[in-house]
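Just so you know, residue 1 is the first one in the sequence shown, and it goes up from there.
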Amino acid sequence: MRRAWLVVGLLFPVALLNYLDRQMIASMKVSVMGDIKDIGTEENWGHMLASFKWVYAICSPIGGYIADRFSRKLTICGSLFVWSLITWLTGHVGSFNELYWARTLMGISEAFYIPAALALIADYHTAGTRSRAIGVHQMGIYCGVMVGGFAGFVADAPQLGWRFMFDFTGLAGILYAIPLLLLLRDVPRQVDTQEALSPTARGGALGELLCNRNFILLVFYFTLPALAAWVVRDWMPAILQKAFDISQGKAGVSAALYWQGAALLSAILGGWLADRWMRHSDRGRIYVSAIGMMLIVPAMFGVGNAPALNSFALAIASLVLFGVGWGFFDCNNMPILSQIVRPHMRATGYGLMNFVSMMCGGLADWGFGRMRDMEIPLNVIFGVFAMVCVFSLLLVLLIRPRPGA
């Protein structure tokens, strides 16, 4: 058990770095666009964000397959080293074209981390602690987003600037990859011979997953709420700054700190509640996740209407409510996946989920930038996101776990 929680502790800083570099570019958007003049339009910015997600999406199933087929440990460590190097290089770009390709390469390297990391945690943690362990790992993600929210203050500081953040973060990741490689361990895997000889297994991992009704439902459930989450994560600093005429630093912190802090606490609570509920029902994790989705729906309406009502307090309260719902949702996706697919297919399955989610997330980023250029009201956009979450709630309740999984 000590080894199982050590793995979570070792991966926590990696998860933090993984999302720190994503959030800080959103928090420093004004400084980056002011320095790199040829970015030009909001649509170009959205296209750059989308490119990262599309490449990340395409590479996620590959990363998951490699983690399942070879080594989760080496996949994680290699991913950390390469994306940290690219993060450092991002601080030295001089044009939109260079920035665009740096973020695109980042998508390749980061895609290999999450499927392997969550599968490794699921390998170490049984049903009794799995949601809590995933929840602690996801806390690293939320901490990374919160720290990234402060990047706007660093970008505004004349003696530092936006490039400093990329240099510092990249070097930190490169250095941490060394002890991680020495301390992390894979779990020896056992193959169920009877299941391996089944017709679906002989058709390959992809065929088995795509023939699994519950897996298809989970893919859609995992994807649809992420459309709103990516827009909140990538665009909320700019939305708050423009709507309420506040500084870049305050907008970045306000857009990240409150909802990610709420998500951090609710991920722990949601993980504990899901593990407890599992003692009485094999649908315990599904029910906790569904509660989270119910909270996200009103949060979307609040976020969309706050600028029109000129209520900064409503915007923050809605982001907090969104964070609570997101924590319940986020800490249970891999545990639910572990209930519907076999152990040696978890990373591949999560990679496929990431593929669909990130492809659609890229479209959401690009589409949101386009809609902002067209001046479509925010309450209309986020109202659609709320309706999508209602549909997602129905999808998760249709999932049926394998008995005893």
Side-chain angles (χ1 to χ4, degrees), residues 53 56-57 60-61 64 114-115 118-119 122 127 130-131 134-135 137-138 141 206 208-233 263 266-267 270-271 273-275 277-278 281-300 321-342 345-364 382-402 405:
K53 291 178 178 60
Y56 183 105
S60 282
I114 284 290
L118 296 186
R130 189 169 288 153
S131 286
I134 298 292
H137 175 269
Q138 301 307 86
I141 291 176
L206 181 61
E208 181 172 346
L209 289 168
L210 295 181
C211 290
N212 185 332
R213 166 192 171 275
N214 292 311
F215 177 73
I216 299 300
L217 288 171
L218 184 60
V219 168
F220 281 104
Y221 176 66
F222 181 76
T223 298
L224 295 176
L227 301 178
W230 279 114
V231 169
V232 169
R233 187 177 282 122
S266 71
L273 181 59
D275 285 338
W277 208 328
M278 284 292 293
S281 170
D282 62 359
R283 296 173 58 77
R285 295 192 171 101
I286 290 172
Y287 293 144
V288 172
S289 188
I291 291 171
M293 196 56 53
M294 292 171 63
L295 297 175
I296 290 174
V297 174
M300 288 293 94
L321 183 61
F322 178 80
V324 174
W326 188 261
F328 276 38
F329 163 82
D330 201 26
C331 72
N332 282 299
N333 286 315
M334 173 55 87
I336 292 173
L337 176 65
S338 299
Q339 289 184 275
I340 61 176
V341 303
R342 293 188 284 137
M345 301 174 66
R346 288 169 181 161
T348 304
Y350 202 90
L352 285 171
M353 289 162 59
N354 252 353
F355 168 75
V356 178
S357 176
M358 295 296 284
M359 287 294 286
C360 294
L363 288 173
F382 282 95
V384 173
F385 285 146
M387 293 299 99
V388 168
C389 290
V390 171
F391 181 64
S392 300
L393 175 61
L394 300 176
L395 292 179
V396 72
L397 295 175
L398 294 175
I399 295 175
R400 295 289 180 267
R402 294 186 302 160

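Annotation: the span from Leu224 atom CG to Ser357 atom OG amounts to 9.0 Å, rounded to 0.5 Å. Rounding to the nearest 0.5 Å gives a distance of 8.5 Å between CG of Leu321 and CD1 of Ile296. The structure places CD1 of Ile114 at 5.0 Å from NE2 of His137, a figure rounded to the nearest 0.5 Å. The distance from atom CG of Leu337 to atom CG of Asn332, rounded to the nearest 0.5 Å, is 12.0 Å. Remark: Phe328 CZ to Leu273 CG distance equals 6.0 Å, nearest 0.5 Å.
At a threshold of 4.5 Å between non-hydrogen side-chain atoms, the residues Leu352 and Met345 do not count as touching. At least one side-chain heavy atom of Arg285 sits less than 4.5 Å from a side-chain heavy atom of Arg130. Inter-residue side-chain proximity for Ile336 and Pro401 is flagged as unmet; no heavy-atom pair is nearer than 4.5 Å. Here the side chains of Trp277 and Ile286 are not in contact, with every heavy-atom distance at 4.5 Å or above. The side-chain heavy atoms of Pro115 and Asn354, taken from C-beta on, include a pair separated by under 4.5 Å. The closest side-chain heavy-atom distance from Met359 to Lys53 is not below 4.5 Å. Inter-residue side-chain proximity for Leu118 and Gln138 is flagged as met; some heavy-atom pair is nearer than 4.5 Å.
A side-chain donor-acceptor contact under 3.5 Å links Ser266 to the backbone of Val324. Side-chain N or O atoms of Asn212 include none that pairs as donor or acceptor with a backbone N or O of Glu208 at under 3.5 Å.
A salt bridge does not link Arg402 to Asp282: none of the charged side-chain nitrogens sits closer than 4.0 Å to a carboxylate oxygen.
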Donor-acceptor pairs are to be reported for all side-chain atoms of residues 215-222 against protein atoms at under 3.5 Å, with residues two or more places apart or in another chain.
{"residue": "Tyr221", "atom": "OH", "partner": "Ser289", "partner atom": "O", "Å": "3.2"}
{"residue": "Tyr221", "atom": "OH", "partner": "Ser289", "partner atom": "OG", "Å": "2.5"}

Without placing hydrogens or testing angles, list every side-chain donor-acceptor pair under 3.5 Å for residues 384-400, not counting sequence neighbours.
{"residue": "Ser392", "atom": "OG", "partner": "Val388", "partner atom": "O", "Å": "3.0"}
{"residue": "Arg400", "atom": "NH1", "partner": "Leu397", "partner atom": "O", "Å": "3.0"}

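The minimum heavy-atom distance between Gly284 and Met278, with the atom names listed, is N-SD, 3.8 Å. Residues Cys331 and Gly271 come closest through the heavy atom pair SG-N, 3.5 Å. Closest of all the heavy-atom pairs between Met300 and Phe382 is O-CB, 3.4 Å. Residue Ser338 comes nearest to Ala122 through the heavy atom pair OG-CB, 3.8 Å, listed as atom of the first residue, atom of the second, then distance. Contact detail for Phe355 and Ala57: the closest heavy-atom pair is CD1-O, 2.9 Å.
Under the side-chain contact (heavy atoms from CB on, under 4.5 Å) criterion, Ala229 pairs with Phe322, Trp326, sequence neighbours left out.
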